[in-house]
Amino acid sequence: MNIVVVESPAKAKTINKYLGPDYEVLASFGHVRDLPAKDGSVDPEADFRMIWEVDAKAQKRLNDIARAVKGARKLILATDPDREGEAISWHVLEVLKEKDVLKGQSIERVVFNAITKQAVSEAMKHPREIDRALVDAYLARRALDYLVGFTLSPVLWRKLPGARSAGRVQSVALRLVCDRELEIEKFVAREYWSLVAMLATPRGDTFEARLVGADGKKIQRLDIGSGKEAEDFKRALETAAFRVSSVEAKPTRRNPPPPFTTSTLQQEASRKLGFAPAHTMRLAQRLYEGVEINGETTGLITYMRTDGVDMAEEAIGDIRKMIGAEYGANYVPDAPRKYQNKSKNAQEAHEAVRPTDAGRLPKDVAKVVEPDQARLYELIWNRAVASQMQSAELERTTVDIAATVNGRNLDLRATGQVIKFDGFLTLYQEGHDEGEDDEESRRLPTMSQGEALSKQSISATQHFTEPPPRFSEAALVKRMEELGIGRPSTYASILAVLKDRGYVRLDKKRLIPEDKGRIVVAFLESFFQKYVEYDFTASLEEQLDRVSNNELFWQDLLRDFWDGFTAAVGEIKDLRITQVLDALNDLLAPHIFPPRADGTPARQCPSCAEGQLSLKVGRFGAFIGCSRYPECRFTRQLSAGENGAGSGGTRVLGKDPQTGLEVSVRSGRFGPYLQLGEGGNGEKPKRASLPKGVGPDEIELERALGLLSLPRTVGSHPEDGEPILAGVGRFGPYVQHGKTYANLEEGDDVLNIGLNRAVTLIAEKKLKPSKGRRFGPAPGRPLGEHPDKGGEVVAKNGRYGPYVSHDGVNATLPSDKTLESITLEEAVALIDARAASGGGGKRRKAAKPAKEPKAKTPKAAKEPKEPKTEKPRKAPTKKAAGKKNDVTGNGLAAATKPRTKKKATEPAAN
């Protein structure tokens with residue numbers, strides 16, 4: 001028997017069918033080992049020795065692989081064809097060596113770029129050894145990330161309370177977002193005007209022409225800077241005579257873009273389909289692993305983590321044949337197209353992302369996959385096919401027009417574009433982040449030199465320059481790729497980490513840095529500038545590539561980095577928090593101390609007018625406070641806001657029609673809030689928090705009045721007639737019935753939620769067990785008997801969401817299923833799959849295990865100390881001296897009985 005190891009069970013099932021009965025394909029379910037999240041997992045003093053820990057869920061799968069390998073003739077490691085895949089194969093092999101199950105079996109490494117029978121069969125004919133250089137590059141990258149995170153994050157916690165963590169690549173990506181925000185805040189709009197004449201030919205065809213020159217001088221976009229200048233030009237053009245001075249028609253060609261890399265796939269899926277990078281990669285993974293078509297599971301696209309832009313010759317041949325059949329021979333270029341990646345640090349180790357079979361049309365695939373998968377497949381198919389199509393042929397026309405008035409010469413220009421042959425444009429047009437200027441795509445009427453034109457109208461339009469746009473997720477991925485930051489497999493995870501840690505938020509598909517993110521970046525720029533520089537990060541990626549090319553030893557790379565990094569950390573260990581805050585005050589001044597409309601100093605305290613505003617830190621993070629504290633207790637959040645929020649943290653929205661009191665939005669140290677009036681006679685004014693996602697500059701009077709009126713009565717509960725209330729509390733908006741509180745979900749509005757929805761939320765909440773529940777879990781919803789094993793299958797709500805349970809095996813519900821919609825058949829399938837993977841095992845009560853003695857673990861991996869023995873006592877309550885699997889091999893744990901209140905009992909067998 002030959003044992004094949006892949007990552008996913010879906011992949012294993014498919015490949016097993018391809019290879020036949022002589023092969024058993026097992027899944028590792030991704031990575032099986034990682035560095036423990038504690039100090040000392042990488043030891044620089046021991047040549048960067050790394051301590052690996054097997055994931056608890058992976059242990060059973062590794063045991064299954066080990067048992068299978070014992071009686072096997074050959075072990076074939078067939079994980080993904082990239083660094084991560086190479087690392088997984090290496091980890092599996094190392095674990096098997098530790099288990100001492102390799103007794104002369106042949107060990108092979110195979111890679112395939114697509115999960116098709118042909119690709120897998122061909123890969124099996126060309127095995128190789130594990131690429132140690134790729135593994136070394138993985139080790140260096142993992143050690144770097146660990147050392148930066150576990151060295152820098154504690155510094156952040158000590159010097160900058162409220163900060164969560166810092167990472168080697170994520171901090172640089174965060175800096176990109178924060179730097180763009182700083183550009184926007186520093187931007188000063190500039191006024192300019194444009195003049196456009198609507199002209200007509202003698203045949204009555206109209207078109208637009210723009211003023212581009214006057215009196216022999218060119219006029220650039222920003223040259224007309226005032227309304228007076230614009231009005232002077234407009235008066236002149238109103239009475240001018242217009243004549244065509246030249247017509248130039250220039251043929252041009254537009255070539256198709258290359259097929260997708262990971263980066264360009266994420267960018268286009270974001271622009272065209274609105275998919276987040278993480279969602280795109282999940283869909284692509286499923287397309288790669290394939291679906292069942294005509295009784296056989298086959299992959300639909302090639303491997304999706306790649307920076308290569310070329311395709312296999314046989315794939316190009318198939319695409320060219322398909323183009324000829326579907327679109328005609330004139331759409332097929334004379335020779336196949338070859339592409340080269342222009343991105344910094346591109347390795348191009350794999351093919352571009354393409355369909356495994358160009359003849360598998362998107363309309364056919366849509367019948368066997370989910371809608372989002374179908375949309376992504378169509379995008380990949382269109383791009384790959386278009387990359388091998390004929391260029392589009394265009395004709396760009398430029399018409400120069402002379403306008404004369406009172407001996408003065410004014411120059412106008414009209415541009416247009418005509419598609420003579422659409423070529424690849426018949427199938428695909430690349431998207432753009434900020435939209436295209438369609439001026440050149442206008443079609444101009446026929447004109448000839450010297451022809452007189454008549455004026456229809458003249459318009460002078462005022463414009464203001466705009467700041468650079470915030471990054472979309474697609475634009476940030478593109479910028480990271482241009483700078484050589486990160487790698488194809490990391491873009492989606494970098495964005496996810498930034499959002500999960502609250503460093504950025506996504507608003508209208510744009511990334512906006514949160515205050516905590518800006519403070520972290522400002523701190524790093526002030527005290528670790530080198531390590532958040534774009535060039536430094538890119539050069540580190542280049543060195544990692546040199547490791548993977550066998551040009552540099554990975555320990556040498558780490559040693560060079562570590563020496564400089566620890567020196568930088570040492571330089572700030574004695575730095576006081578006040579020094580840190582002073583530096584951040586200066587760096588973040590445009591954001592936290594913007595100029596005030598009344599001209600008063602930006603840092604003057606608006607409350608006492610004597611103190612100076614400064615950044616301060618507390619247990620809940622950073623805020624702005626007065627230097628005269630505690631005499632002056634003025635505080636506000638970091639973002640000063642608009643319309644006066646920066647000069648005291650208050651913006652008046654209007655008056656409450658019932659009470660006549662002013663309604664205002666204010667900034668406190670815990671965030672923005674609403675307030676009605678100012679209080680008085682010992683009474684505090686009514687206040688309300690802003691809901692999540694609503695900014696202080698977005699709130700309007702009507703909504704503010706609604707929030708201040710909370711809690712409100714939604715209606716009476718149909719079962720007992722008791723009122724259901726809706727309000728906003730410490731943990732966000734909620735509905736309440738008696739003593740049951742249920743949080744509102746995304747899409748629910750606390751001001752508009754209806755009775756039916758509120759009853760549903762309360763019913764679901766009652767199914768969920770409360771924290772600290774002592775009387776067992778909620779009974780859940782019975783689905784019926786398990787058809788094969790007997791026993792009731794139940795759907796329940798747990799701490800981590802809804803799940804189904806049978807005989808102690810629990811399986812989480814997928815996102816598209818709820819407690820109410822899940823059926824018995826679906827639940828049984830989930831439970832059986834979970835049991836097969838070794839997870840969700842039944843929990844059995846056991847006697848309290850023997851207590852271990854505490855041992856102080858040094859940073860580096862060292863032999864544990866011998867356990868201490870205690871003097872015997874009269875009662876059999878001696879503490880256990882070792883673990884069940886004792887590293888010293890003396891078996892003390894098995895021989896020692898645990899202590900209980902009444903009498904000693906043997907530990908339950910596992």
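What's counted below: heavy atoms across the whole structure, side chains too, no hydrogens, waters or symmetry copies. Here, residue 1 is the first one in the sequence, and each next residue gets the next number.
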Are the side chains of [Y] and [X] in contact, using a 4.5 Å heavy-atom criterion?
X: Leu176; Y: Leu483; result: yes
X: Thr264; Y: Val309; result: no
X: Val532; Y: Glu525; result: yes
X: Asp22; Y: Met1; result: no
X: Pro44; Y: Leu147; result: yes
X: Phe48; Y: Leu139; result: no
X: Ile15; Y: Leu19; result: yes
X: Leu376; Y: Leu265; result: yes

Aromatic Phe471 / basic Arg180 pairing, under 6.0 angstrom, 45° off normal: yes
Does the pair [X]/[Y] count as a salt bridge with the N-to-O cut at 4.0 Å?
X: Arg546; Y: Glu542; result: no
X: Arg132; Y: Asp136; result: yes
X: Arg109; Y: Glu86; result: yes

Is Lys13 atom NZ crowded by more than 12 heavy atoms from other residues, nucleotides or ligands, each under 6.0 Å away? no
Roughly how far, to the nearest 0.5 Å, is [atom2] of [Y] from [atom1] of [X]?
X: Tyr491; Y: Gln266; atom1: OH; atom2: CD; value: 8.0 Å
X: Asp82; Y: Ser548; atom1: CG; atom2: OG; value: 12.0 Å
X: Trp562; Y: Leu144; atom1: CH2; atom2: CG; value: 10.5 Å
X: Asp545; Y: Ser539; atom1: CG; atom2: OG; value: 11.5 Å
X: Ile3; Y: Ile107; atom1: CD1; atom2: CD1; value: 13.0 Å
X: Thr306; Y: Glu351; atom1: OG1; atom2: CD; value: 8.5 Å

For a quick test of reading the model, state the closest non-hydrogen atom pair linking [X] to [Y] and the distance between them.
X: Tyr138; Y: Glu84; value: CD1-OE2, 3.8 Å
X: Arg83; Y: Ala137; value: NE-CB, 4.0 Å
X: Val111; Y: Pro81; value: CB-CB, 3.9 Å

Any donor and acceptor pair, going by atom type alone, linking the side chain of Gln105 with main-chain N or O of Val69 inside 3.5 Å?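 Yes; at least one donor-acceptor contact below 3.5 Å.
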Between Ser8 and Glu289: side-chain donor-acceptor atoms closer than 3.5 Å: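 Glu289 and Ser8 do have a side-chain donor-acceptor pair below 3.5 Å.
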May I have the step-by-step check of salt bridge (charged side-chain N to carboxylate O under 4.0 Å, His left out) for Arg141 and Asp145, ending in yes or no? CA-CA 6 Å; Arg141 184 183 297 275; Asp145 292 341; 5.9 Å; no
So that I know where these two stand, are His126 and Phe112 an aromatic pair - ring centroids less than 6.0 Å apart?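 Centroid distance His126-Phe112: not below 6.0 Å, so no.
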Can the ring centroids of Tyr531 and Phe561 be said to lie less than 6.0 angstrom from one another? yes
Taking it one step at a time, do Met281 and Met304 satisfy side-chain contact (heavy atoms from CB on, under 4.5 Å)? CA-CA 8 Å; Met281 296 311 290; Met304 63 284 160; 3.8 Å; yes
Under the ring pair (Phe, Tyr, Trp, His ring centres under 6.0 Å) rule, what do Phe523 and Phe527 come out as? Steps first, then yes or no, please. CA-CA 6 Å; Phe523 175 81; Phe527 303 105; 5.3 Å; yes
Give the intermediate values and the outcome of side-chain contact (heavy atoms from CB on, under 4.5 Å) for residues Gln388 and Met311. CA-CA 10 Å; Gln388 290 299 321; Met311 296 189 290; 3.9 Å; yes
Derivation and outcome, ring pair (Phe, Tyr, Trp, His ring centres under 6.0 Å), residues Phe528 and Phe536: CA-CA 12 Å; Phe528 292 91; Phe536 175 80; over 10 Å; no
Out of the candidates Val25, Leu75, Ile76, only one should pair with Val5 under the side-chain contact (heavy atoms from CB on, under 4.5 Å) rule; please name it.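 Of Val25, Leu75, Ile76, side-chain contact (heavy atoms from CB on, under 4.5 Å) with Val5 is met by Leu75 alone.
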